Structures are given as structure tokens and as C-alpha cells.
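This structure is a prediction, so every number in the text was calculated from the model and none was measured.
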Amino acid sequence: SMKSSFGSKELEKCLIRLGFMFQKRVGSSHLKYKLTGKKIPAGTRPFIIVIEGRKIYDPHTASSYVRQIKNLGFTEEEILKNL
């Protein structure tokens with residue numbers, strides 16, 4: 001039961017609720033959020049790069065974000081509950 005549409009504001013709030021910390025701007029419209037206080041699976045980069053200023057991401061981008069967050073050890077349920 002994938003949440004079909006969310007934008008950068010919802011994604012940022014979700015990341016913060018899941019324990020990510022805002023790191024820095026990466027380029028003009030990209031923000032970096034790093035996962036803190038959770039063991040990161042080996043070989044996984046502990047951050048998510050957020051494309052800023054989007055009211056709604058296209059379905060491909062949205063599912064890519066969900067997959068990236070899942071790869072850091074969260075369940076789909078946890079992610080959707082916080083989006």
C-alpha cells in the first residue's frame with residue numbers, strides 16, 4: 001500500500017522522524033540527510049540526497065526514495081507511517 005504521492009517537504013519530515021540529521025546542501029537544489037543513531041548495513045552509504053522544492057515526486061523517484069530508506073534498515077511500514 002505505497003503512498004502514491006509525496007514531495008520534498010514530506011520526505012524531509014519523514015527522514016527527520018526516522019532519525020536522519022540534516023547535513024548540508026549538495027549543489028543548488030539537493031539536500032543531504034545522514035542517518036544517525038542506527039547501525040547501518042555494511043556497504044550502505046548512511047545518507048539520502050533529497051531533491052528539494054518538489055511538490056510531488058514522479059512515481060519512479062518516489063519509489064527510489066522508499067527503496068533507499070529500506071536499504072538503511074527500515075521497513076516499508078515504518079517509512080509510510082512517517083511520510
Report the C-alpha separation of S64 and Q68 in whole Å, then their side-chain angles, then the decisive distance to 0.1 Å, and conclude whether the side chain to side chain contact (heavy atoms under 4.5 Å, CB included) test is met.
CA-CA 6 Å; S64 165; Q68 288 177 58; 3.3 Å; yes
E12 and Y33 side chains, donor-acceptor separation under 3.5 Å
yes
Would you confirm whether E78, through its side chain, and T75, through its main-chain N or O, come within 3.5 Å as a donor-acceptor pair?
yes
How many angstroms lie between atom CG of L31 and atom CD1 of I48, to the nearest 0.5 angstrom?
12.5 Å
Kindly assign one of parallel, tilted or perpendicular to the pair Y57 and F6, based on the angle between their ring planes and the thresholds 30° and 60°.
perpendicular
Using side chain to side chain contact (heavy atoms under 4.5 Å, CB included) as the criterion, list what pairs up with I49, not counting sequence neighbours.
V26, H30, K32, F47
With a sphere of 6.0 Å drawn around CZ of R17, does it hold more than 12 non-hydrogen atoms of other residues, nucleotides or ligands?
yes
Side-chain (S8) to main-chain (R54) donor-acceptor, under 3.5 angstrom:
yes
For residues N82 and F74, determine if any side-chain heavy atom of one lies less than 4.5 Å from a side-chain heavy atom of the other.
no
Apply salt bridge (Lys or Arg N to Asp or Glu O under 4.0 Å) to E52 and list each qualifying residue two or more places apart in sequence or on a separate chain.
R25
Distance from I69 atom CD1 to R67 atom CZ, nearest 0.5 Å?
11.5 Å
Return yes if some donor-acceptor pair links the side-chain N/O of S29 with the main-chain N/O of G53 below 3.5 Å, else return no.
no
Is it the case that over 12 heavy atoms from other parts of the model lie below 6.0 angstrom from the NZ atom of K38?
yes
For P59, does its backbone N or O pair with a side-chain atom of S63 as donor and acceptor, under 3.5 Å?
yes
If you group Ile, Leu, Val, Met, Phe, Trp and Tyr by side-chain heavy-atom gaps below 4.5 Å, do M21 and Y65 land in one group?
no
Write down the atom of P41, the atom of G73, and the distance for their closest heavy-atom approach.
CG-N, 4.4 Å
Validation row: I79, L11 side chains within 4.5 angstrom (heavy atoms):
no
Minimum side-chain heavy-atom gap L15-L35 below 4.5 Å:
no
